[in-house]
Engineer: 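Dumping the structure here so I can ask a few things about it.
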2 protein chains.
Amino acid sequence: MSKKNAILLAATELFSQKGYEGASMAELSRMTGAAGGTIFHHFKNKEDLFLNILRGIKEIILNSFDQYLEDGNLKNGMDMVEGAVSFYLQLASQMPTQFLLLHQHFPYKMAETNPVCRDYLESIYNCLLDNFEKGIVKGQKDGTIENVPARKCAMILFSMVDGIARFNTYQLYNAGALYDELIMMCRKMLRSDAYAPRG
Amino acid sequence: MSKKNAILLAATELFSQKGYEGASMAELSRMTGAAGGTIFHHFKNKEDLFLNILRGIKEIILNSFDQYLEDGNLKNGMDMVEGAVSFYLQLASQMPTQFLLLHQHFPYKMAETNPVCRDYLESIYNCLLDNFEKGIVKGQKDGTIENVPARKCAMILFSMVDGIARFNTYQLYNAGALYDELIMMCRKMLRSDAYAPRG
DNA sequence: AAATCAACCGAATGATCGGTCGGCTTTTTA
DNA sequence: TAAAAAGCCGACCGATCATTCGGTTGATTT
């Protein structure tokens, strides 16, 4: 592996473990065996290094999402919503280091002043959030989902699933153990009354 | 106000804005007008300062919770769950700086090695999480809530509400605008089928 | 073979970090 | 009112911070 890639990989680990301010270039140098100067040869400064990492994460997520849509076997809107939940949880468990990064505060802090950072974050979250919203809208057309405010409910769904993924990321609870209940609750939240069981 | 309190107050703001590593004692000194030595006269080090802040937050939340339970007009389990949602969102909007602190990664990181920190965080989250669980259990006894796994569903509810509160904390979206939908979704998620509308 | 170039090194930089210390001032105690 | 204690100050400390820079290597181009 090229030294540049080794730096990117180690820095991802370091930023996600210690945060942006807590990660030092000297430690990164130690981790990779690269001299201090080498890091700044490949990246113009610490912020630029972080933005390169974030861009990589964005590309992985957007590519995974495209892949997921191609493979998708989505019969109706409710299936699409459930698929979005699965997709999100699988993604989060497949790349825990990257999600640990995304689940910290400093990227959002940086986004307040850095438009490139903001752009990357928006791309990531729009991709994930829109996935829920499209499912709801589709479900409302095919009758599987009730007439609820699509964007708002997508946000509620998103924050629910993201919170569960966060349990996993922070190693507070195994998200997989909540999967069945999560899917069940999504169905009950959204299903049109015509499909609700009768008392 | 005593200098010690001024330091605590300013440090809360500083930690929540810049994170633990990003907050410097020199800046805290500038903010409060207190000399560097004064800060270390009142708190033995940076970590101790943070723990004092966290203890204060714990006490506010636990006291608010006791107050809420006393005032509570909770007819049945479903009411109790809805009350828990309202309580959480109100709390988060009343003390945004403190929730910004709680929503960062460094307290959990510190909790891995510092048992006092862990104790404070567990107190806070058990208080909030148990509130949901008790409501669900009660509702299952009085028939307003379906026979679902109480703890697991409490966690799902918790992460949903916490995610919405986080939107607010990070100033990405106004949580109040989602309140009605949130309550509606909670009802649909939990209500026993006997109470569900018929198609 | 000479020149060019990117990759890489590691010592050095000034700034800032968390934390200490001795002494001054004010309040409390005896 | 004398003594003790608590609050407070700011200069100072060694360590570490992100970043710079002059120089060496090895491959590619001319």
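First the proteins, then the strands, lettered A, B, ... as listed; each starts at 1.
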Engineer: Are B:Asp130 and B:Arg151 close enough for a salt bridge, meaning some N to O gap below 4.0 Å?
Structural biologist: yes
Engineer: Donor-acceptor pair, B:Gln104 side chain versus B:Ser16 backbone, under 3.5 Å?
Structural biologist: yes
Engineer: Rounded to the nearest Å, what distance is computed from the CD1 atom of residue B:Ile7 to the P atom of nucleotide D:dC9?
Structural biologist: 8 Å
Engineer: In whole angstrom, what separates A:Phe50's CZ from D:dT19's C1'?
Structural biologist: 20 Å
Engineer: Run the numbers on B:His105 and A:Leu100 for side-chain contact (heavy atoms from CB on, under 4.5 Å), then give the verdict.
Structural biologist: CA-CA 9 Å; B:His105 187 235; A:Leu100 185 47; 3.7 Å; yes
Engineer: Quick one: what's the B/S/- string for nucleotides 11-25 of chain C, heavy-atom cutoff under 4.0 Å, read 5' to 3'?
Structural biologist: ------SSBBB----
Engineer: When the distance from CZ of A:Phe43 to P of C:dA6 is rounded to whole Å, what number comes out?
Structural biologist: 16 Å
Engineer: Quick one: are A:Tyr20 and A:Glu47 in side-chain contact, heavy atoms under 4.5 Å?
Structural biologist: yes
Engineer: Which residues pass the side chain to side chain donor-acceptor pair (under 3.5 Å) test with A:Asp119, sequence neighbours left out?
Structural biologist: none
Engineer: Less than 4.0 angstrom between a side-chain N/O of B:His41 and OP1 or OP2 of D:dC8, yes or no?
Structural biologist: no
Engineer: Give a yes or no answer on whether the side chain of B:Asp162 reaches the backbone of B:Phe158 with a donor-acceptor pair at less than 3.5 Å.
Structural biologist: no
Engineer: Looking at B:Lys4, I'd like to know whether one of its side-chain N or O atoms comes within less than 4.0 Å of OP1 or OP2 on D:dA6.
Structural biologist: no
